[in-house]
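To start, the structure under review is shown below, and the notes come after it.
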Amino acid sequence: MTGMQLWYADFCDTFYRCFIKEDRYKLLVSGVGVTIKVSLLAVIIGIFIGMLIAMCNLSKRKLPRAFGGIYTDVIRGTPSVTQLMIIYFVIFATVNLDKWIIAAIAFGVNSGAYVSEIIRGGILSVDHGQTEAGRSLGLNAFQTMTRIVIPQAVKNIFPALCNEFIVLIKETAIVGYVGLMDIQKAGDFIKSATFKAFMPLIGTGVIYYVLIKILTLALRQIEKHLRKSDVR
Amino acid sequence: MIKVKNLHKKFNDLVVLNGIDEHITQGEVVVIIGPSGSGKSTFLRCLNLLEDVTEGEIYVDDELINTPKANINVIRQKMGMVFQQFNLFPHLTIMNNITLAPVLLKKMTKEEALRKGQELLARVNLAEKADAYPAQLSGGQKQRVAIARALAMNPEIMLFDEPTSALDPEMVGEVLDVMKDLAKSGMTMVIVTHEMGFAREVASRVLFIDQGVVMESGTPEEVFNHPQNERTKLFLSKVL
């Protein structure tokens with residue numbers, strides 16, 4: 001047999017042992033499910049917290065501003081692994097909630113700090129004349145914010161927000177620390193079981209890449225839709 | 001219709017309006033002229049409280065508006081405002097720009113607002129632009145839409161803050177024509193402008209504001225041809 005053929009035979013054998021034997025691919029498939037579940041809920045929590053904190057930071061009153069400032073400061077100043085473990089082992093230690101929900105809360109809390117800065121920047125990027133036009137028509141501050149300022153801000157911040165979601169998905173690769181079997185942990189598990197490093201780890205990478213590629217393409221379509229009022 | 005008593009406005013230590021008393025009656029077209037930084041735009045913006053007032057009183061239909069008790073959102077519905085920079089809502093079509101406020105504030109049903117919108121767009125000669133977005137319009141067209149948007153609320157009074165100052169010269173005429181029509185229809189208007197020809201032709205009264213006070217007030221004939229105040233004379237000698 002030539003070298004090429006040997007290499008190919010070895011590749012097939014390793015592939016079989018890592019992914020097919022003992023239904024190991026199922027670990028990865030359920031890992032994808034966990035990653036998506038945690039990310040999706042975390043994104044929703046992140047946007048919600050982000051909006052709240054952004055409102056705090058934009059408030060004219062001192063107390064909300066101080067709260068928003070401290071929140072952003074603390075979250076940005078500590079590693080997300082530390083935050084995840086504190087939330088899982090300290091704050092939710094005695095609460096009976098599904099592991100993945102607690103993890104999603106942790107990532108949402110983390111993401112919220114970054115999202116709040118994106119939202120704040122987006123709202124400030126909308127010309128003040130827009131607010132004046134809305135108010136001069138008799139709209140109240142809330143109506144002006146929700147009907148005029150935020151729709152324009154969303155368009156401005158959408159790319160930055162997408163970027164934050166992608167970062168968030170990859171960040172969830174640390175949920176193994178609290179015992180969740182996501183994509184990363186599944187790959188790691190296969191590595192320990194087969195004593196093969198290359199195949200499971202590259203496989204893990206490929207799965208993340210494909211997942212994020214699909215998401216990126218979908219988000220780009222949404223962005224195109226949002227930009228339709230820019231046509232000249 | 002609008003009564004202003006002893007109006008003062010300060011930005012920190014800078015005094016912009018230094019005691020203005022003015023009475024604008026129904027059907028009047030008041031044109032405010034004056035040098036840059038004289039406070040004329042600030043005066044106009046105080047009338048619907050886009051600027052908060054430092055001292056003094058503003059009454060609209062005999063209701064004091066610069067008090068926490070007044071519902072400014074309801075009062076603003078009586079006062080349409082047109083801005084120098086148009087401030088159309090870029091994320092909405094032209095028709096939605098016009099119908100947003102009347103529908104949201106429940107002044108009209110969706111159908112009524114659409115009918116009114118069509119009527120107003122026809123009035124400003126832009127009927128075919130209903131489904132366009134603001135980015136597709138020229139400056140003059142944008143400003144005409146902005147006027148239609150303000151009119152959609154059926155205001156009792158229209159405020160214009162240098163409506164033609166951001167326009168290319170060839171587009172000034174189309175906007176002024178719309179404003180002339182509006183004046184002829186009997187709308188009460190307060191207009192800050194640098195268009196002296198327009199002021200002379202359309203104004204029922206001209207106010208010359210400088211250094212935060214009304215220096216001179218009268219018919220266009222009185223102010224432009226027989227100014228009494230030295231500062232008015234100096235200003236007019238520069239711009240006419």
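Because only heavy atoms are used, hydrogens play no part in the values below, and waters and symmetry mates are left out as well, while side chains stay in. The sequence lines fix the lettering, A, B, ..., with proteins before strands; numbering per chain opens at 1.
- Rounding to the nearest 0.5 angstrom, the gap separating the NE2 atom in A:His128 from the CG atom in B:Leu50 is 8.0 Å.
- Contact annotation: the side chain of B:Leu105 approaches that of A:Gln143 to within less than 4.5 Å [non-hydrogen atoms, C-beta and beyond].
- Distance check: A:Arg135 CZ to B:Leu49 CG gives 10.0 Å after rounding to the nearest 0.5 Å.
- Contacts between B:Ala150 and chain A at a heavy-atom distance below 4.5 Å involve the backbone alone (N, CA, C, O).
- The minimum heavy-atom distance between A:Pro151 and B:His91, with the atom names listed, is CB-CD2, 3.5 Å.
- In this structure, B:Phe11 places its CZ atom where more than 12 heavy-atom neighbours from other residues, nucleotides or ligands lie under 6.0 Å away.
- Nearest heavy atoms, B:Phe89 versus A:Ala133: CE2-CB, 3.8 Å.
- For NZ of A:Lys37, the number of neighbouring non-hydrogen atoms (other residues, nucleotides, ligands) closer than 6.0 Å is greater than 12.
- With chain A as the partner, the residue from B:Arg45, B:Met79, B:Lys78, B:Met153 showing the most heavy-atom pairs under 4.5 Å is B:Arg45.
- Other residues, nucleotides and ligands contribute over 12 non-hydrogen atoms within 6.0 Å of the CZ atom of A:Phe158.
- The two residues B:Leu88 and A:Gln130 make their nearest non-hydrogen contact at O-NE2, 2.8 Å.
- Atom NZ of B:Lys116 is surrounded by more than 12 heavy atoms from other residues, nucleotides or ligands within 6.0 Å.
- When each of B:Leu159, B:Asn87, B:Asn48, B:Asp161 is tested with A:Ser136 by the rule side-chain contact (heavy atoms from CB on, under 4.5 Å), just one qualifies, namely B:Asn48.
- Most heavy-atom pairs under 4.5 Å with chain A, from the set B:Val74, B:Leu92, B:Leu100: that is B:Leu100.
- With a 6.0 Å radius and a threshold of 12 heavy atoms from other residues, nucleotides or ligands, A:Glu223 has its CD atom above the threshold.
- For A:Phe89, the CZ atom counts as densely surrounded, since its 6.0 Å shell holds more than 12 non-hydrogen atoms of other residues, nucleotides or ligands.
- Atom CE in B:Met81 sits 11.0 Å away from atom CG in A:Leu137 (nearest 0.5 Å).
- Once rounded to the nearest 0.5 Å, the distance linking OG1 of A:Thr146 with CG of B:Leu104 reads 7.5 Å.
- By the neighbour-count criterion of 12 heavy atoms within 6.0 Å, atom NZ of A:Lys170 is sparsely surrounded, having that number or fewer from other residues, nucleotides or ligands.
- Around NZ of B:Lys180, the count of heavy atoms belonging to other residues, nucleotides or ligands within 6.0 Å exceeds 12.
- Counting heavy-atom pairs closer than 4.5 Å to chain B, the top-ranked of the candidates A:Leu139, A:Asp127, A:Leu226 is A:Leu139.
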